[in-house]
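Contents: one structure, followed by commentary.
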Amino acid sequence: MNWNWTQLKTVGLILTAIVFCPSTANGQNERNSLAQTPPMGWNSWNKFACNVSEDLIKSVADAIATNGMKEAGYQYVVIDDCWQVSRDENGFIVADPQRFPSGIKTLADYVHSRGLKFGLYSDAGTKTCAGRPGSQGHEYQDALQYARWGVDYLKYDWCNTGKRNAEEAYSTMSNALLATGRPIVFSMCEWGTAKPWLWGQGVGNLWRTTGDISDKWSSMKKWPDGGCCEYGMVDILDQQVGLESFAGPGHWNDPDMMEIGNGGMTIPEYRAHFSFWALLAAPLIAGNDVRSMTPEIQEILTNPDVIAVNQDKLGREGRRIQKNGDLEVWAKTLKDGSRAVILFNRGASENEVTVSWEEIGYPNHLTAKVRDLWAHKDAGSFTGNYSAKVASHSVVMVKIAP
Ligand code: GLA
């Protein structure tokens, strides 16, 4: 068959369209192709709340670029609430001129110059949670401004949204970000109210599953208005049970930013916090003052073996596989077929915890190597099960490889 030039061009165009056009059925995550492993970075809120400024962000970026965090994988430096004060006469969002005198673009450039990425915060309602201007009705304009500034990550909150439908509101901003053409990770902070795990995959790259974390082991304290609750770390952990199947590359459950190093928990408790966030394939967003942390805290946040579990390319979220009062076992399947396992003791005194091979999907006659990810040493080869003594409020985290 002889093809003329016009026919060839038409066939070429059709083939190009098939190969390169994103399928809308795949949703935004496949289209923006970001966060193929859980995002890692730092956010200002847990430690600094509204006390943000360009000096703070620059010094945090300096610290992350030089203290080993960048090499460990931390990438996004995110300013949370309170950077914004008003809108200009054309409706564009205005940064606090006292706290950010050089402007957001200059600051984003600085963060980029340190080899890191830059993130901002806004809200789907009329006002942010701290009462600053929200993005409602300004979504496309705000997305355009973020793209012009060089924003790589947007955390989008849910205060003052009235009767808005969450899926609709988050989709509007998601589409606005896509329309800019700039790859921007979209972090949805809706606190789990409208079950974002059911619809979030086509909209954002991560979604909060609960209310805010606090720097405590456990709390469940009611808010002054009677609403629920100030959550400690284990209260948040418990609320992740059952959500595992909704996470995967490009779309993650977010149990909130980490409190490691903020002073409210012990070192073993912070180690447990980090172990669980890694096993849950949670975004690893540090929330402490990384400019002045102790070596012990730094060692927790940069443990390469534990981070490798979080960043495993298979993108499976780990799950609880055993509960026996205060003693639990959690496991995550890794790409090479091995398992990351947490032996967990919530109780007040030391106890032995055992994981059997059967529980993690191996035949009991199998001999497997066990590596302790906090002791950084091989525990040996075991057949059928592995047991360890676990101190109070602590974990033993191992990798089990046949
Ligand atoms: C909400 C969010 C927090 C933080 C604050 C800022 O509470 O859940 O993570 O962003 O707002 O005001």
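Just follow the structure's listing: the first ligand is 1, and inside any ligand the first atom is 1. Numbers for residues simply follow the sequence, beginning at 1. Atom set for the values below is all heavy atoms of this structure, side chains included, hydrogens, waters and symmetry mates excluded.
Taking every non-hydrogen atom of Cys129 and a distance limit under 4.0 Å, the qualifying atoms of ligand 1 come out as 1 (C), 11 (O), 12 (O). Atom numbering of ligand 1 starts at 1 in the shown order; those under 4.0 Å from a heavy atom of Arg208 are 8 (O), 9 (O).
Phe118 has its ring centre no less than 6.0 Å from the ring centre of Tyr76.
A heavy-atom separation below 4.0 Å is found between Tyr121 and ligand 1. A heavy-atom separation below 4.0 Å is found between Asp157 and ligand 1.
From the protein, the heavy atom lying nearest to atom 12 (O) of ligand 1 is Asp81 OD2, 2.7 Å. Scanning all protein heavy atoms for the shortest distance to atom 7 (O) of ligand 1 gives Asp212 OD2, 2.7 Å. Ranking the protein heavy atoms by distance from atom 9 (O) of ligand 1 puts Lys155 NZ, 2.8 Å first. Ranking protein heavy atoms by distance to atom 10 (O) of ligand 1, first place goes to Asp80 OD1, 2.7 Å.
Both the sub-6.0 Å distance and the 45° axial angle are satisfied by Lys58 relative to the ring of Tyr110.
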**Report entry** Candidate pair Trp357 and Glu359, rule side-chain hydrogen bond (donor to acceptor under 3.5 Å, both in side chains), full reasoning
**Finding:** CA-CA 5 Å; Trp357 280 193; Glu359 288 172 301; over 6 Å; no
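Any N or O atom pair closer than 3.5 Å counts here, and Asp256 shares no such pair with ligand 1. Polar contact check, Trp45 against ligand 1: no nitrogen or oxygen pair lies under 3.5 Å apart.
In Arg346, the CZ atom is crowded: over 12 heavy atoms of neighbouring residues, nucleotides or ligands sit closer than 6.0 Å. For Glu299, the CD atom counts as loosely surrounded, since its 6.0 Å shell holds 12 or fewer non-hydrogen atoms of other residues, nucleotides or ligands.
Ring pair Phe344/Phe276 is perpendicular by interplanar angle, where above 60° counts as perpendicular and below 30° as parallel. Using the six-membered ring where Trp is involved, Trp83 and Trp149 have ring planes that are perpendicular, over 60° apart on the 30 and 60° scheme.
When heavy-atom distances to ligand 1 are checked against a 4.0 Å cut-off, Cys189 comes that close only through its side chain, counted from C-beta outward.
Among Arg316, Arg319, Lys332, the single residue meeting the salt bridge (Lys or Arg N to Asp or Glu O under 4.0 Å) criterion with Glu244 is Arg319.
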